[in-house]
Amino acid sequence: MEDKGKELLFLEPVCTHNIWGGKKLREEFGYAVEGDDLGECWGISAHPEGDGMIRKGSYQGKTLSQMWAEHPELFGNLPYDRYPLLTKIIDAQDDLSIQVHPDDAYAQKNENGSLGKTECWYIMDCKEDATLVVGHNAKTKDELDDMVAQGRWQELIREVPIRKGDFIQIDPGTVHAIKADTLILETQQNSAITYRLYDYGRLQNGKPRQLHIDKSLDVITVPAKSAEDSVKSISSLPENQLNQIYTCEKYTVFKLDVDGTATFRQGYPFLAASVLEGEGRVNGDEVRKGDHFILPCGYGEVEAQGNMSLILSTVEK
């Protein structure tokens, strides 16, 4: 009998339409979704608003949330009440609204038991001289409240320069926004709770989009983490090895650049993998740019061949 723990779990992504989206997710990544407003590909997701389906193999047709419930052994029998992460590719053709996320305790209390949202971004591509919004310039809570009340957005919002290959950690309470012409891989908690602080006065269907000023002010961290501590470059990591780029209590993130052959051991509860560029094989299975899959618990030795770049993530046991 085939060992199902040695099977990669390939997921069918769920794409979303967004006011700031574009065509790249269809044209560059091959996701078969119509429309010129594709903003997000939820590549590995077990969220009620986007529950990815296994697209081939022994579990074909099952959703990731079903897999989590019915086959906990494939995820290391973790003590979480749901698959803990959500992996997205985000294509911003226009500026996203300026947002902040709550932590678990605030979301649990105020958002019907939802998880909070800790997330991180890997910059897959951006224009020259690109920036992101990360943090703010208020020194005290009173100053923050005043700046928001008076609409002093230019003074409040802090933009930081970014380049392809940068990594940004976004803790709950961090004011943040992706700017136009930026393509990112986001690893986050399994949550869709976002508080919109400012939306540049844009209209959707003739009306401004809803803002969440009070909740934003409740959760924004003051003062913000320094700009220097917010962005780090990981563009020159060693090839053909699993490089850990960040770890916190919610996730651990790795980068793997394959040029030829890379081997490593999958000793984690699971490894969620997204192919950002190129193509190749993983233990004989063909993979290419835009594929998302999970290496389950107990998978053991992994051999990746080809020319490709991947981001992978897992959680603590």
Would you say [Y] ends up clustered with [X] if hydrophobic residues are merged whenever their side chains have heavy atoms under 4.5 Å apart, either directly or through other cluster members?
X: F29; Y: W20; result: no
X: V100; Y: V231; result: no
X: Y198; Y: I178; result: no
X: L256; Y: I184; result: no
X: I157; Y: V160; result: no

Validation: residues 220-228 side-chain donor-acceptor distances under 3.5 Å, sequence neighbours left out:
unit_1 : atom_1 : unit_2 : atom_2 : d
S226   : OG     : D229   : N      : 3.2
S226   : OG     : D229   : OD2    : 3.1

Regarding [X] and [Y], is there a side-chain donor-to-acceptor distance under 3.5 Å anywhere?
X: Q305; Y: E303; value: yes
X: H47; Y: E49; value: no
X: S191; Y: Q189; value: no

Look up atom CG in D199 and atom OG in S97, then write down how far apart they are to the nearest 0.5 Å.
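D199 CG to S97 OG: 5.0 Å, rounded to 0.5 Å.
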
Distance, nearest 0.5 Å, that separates CD of Q93 from CG of L25:
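So the gap between those two atoms works out to 9.0 Å.
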
Does the structure place the NZ or CZ of K6 under 6.0 Å from the centre of the six-membered ring of Y299, at an angle of no more than 45° from the ring's axis?
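Positive - K6 is close enough to the ring of Y299 and near enough to its axis.
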
Decide if atom [atom1] of [X] counts as having more than 12 heavy atoms of other residues, nucleotides or ligands within a radius under 6.0 Å.
X: E159; atom1: CD; answer: yes
X: K139; atom1: NZ; answer: no
X: Q154; atom1: CD; answer: no
X: K141; atom1: NZ; answer: yes

Whether [X] side chain and [Y] backbone form a donor-acceptor pair below 3.5 Å:
X: Q108; Y: A105; value: no
X: N243; Y: L237; value: no
X: R26; Y: V33; value: yes
X: D145; Y: D142; value: no
X: T174; Y: D171; value: yes
X: E279; Y: E286; value: no
X: S45; Y: G50; value: yes
X: D95; Y: A180; value: yes
X: N137; Y: E155; value: yes
X: D181; Y: A92; value: no

Kindly assign one of parallel, tilted or perpendicular to the pair [X] and [Y], based on the angle between their ring planes and the thresholds 30° and 60°.
X: W68; Y: Y80; value: tilted
X: Y106; Y: Y195; value: perpendicular
X: Y268; Y: F254; value: tilted

Side chain proximity check, [X] to [Y], heavy atoms < 4.5 angstrom:
X: E316; Y: L78; result: no
X: I213; Y: V148; result: yes
X: D36; Y: L38; result: no
X: L185; Y: T87; result: yes
X: D37; Y: I19; result: no
X: D285; Y: F10; result: yes
X: V302; Y: T263; result: no
X: R55; Y: D291; result: yes

Looking at T314, L312, L271, which hits side chain to side chain contact (heavy atoms under 4.5 Å, CB included) with Q266?
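Among T314, L312, L271, the one that satisfies the side chain to side chain contact (heavy atoms under 4.5 Å, CB included) with Q266 is L271.
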
With sequence neighbours excluded, tell me which residues meet salt bridge (charged side-chain N to carboxylate O under 4.0 Å, His left out) with K250.
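In terms of salt bridge (charged side-chain N to carboxylate O under 4.0 Å, His left out), with neighbours along the sequence ignored, K250 is linked to D104.
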
Got a sec, which residues hit ring pair (Phe, Tyr, Trp, His ring centres under 6.0 Å) with [X], two or more places apart in sequence or on another chain?
X: Y251; result: none
X: Y122; result: none
X: H176; result: H101, W121

Ignoring hydrogens, what is the shortest heavy-atom contact between K179 and T182? Give both atom names and the distance.
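Smallest interatomic distance, heavy atoms only, reads O-OG1, 2.9 Å.
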
For W42, which fellow cluster members are found when Ile, Leu, Val, Met, Phe, Trp and Tyr are connected by side-chain heavy-atom distances below 4.5 angstrom, either directly or through intermediates?
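Hydrophobic cluster check, W42: joined to V14, L86.
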
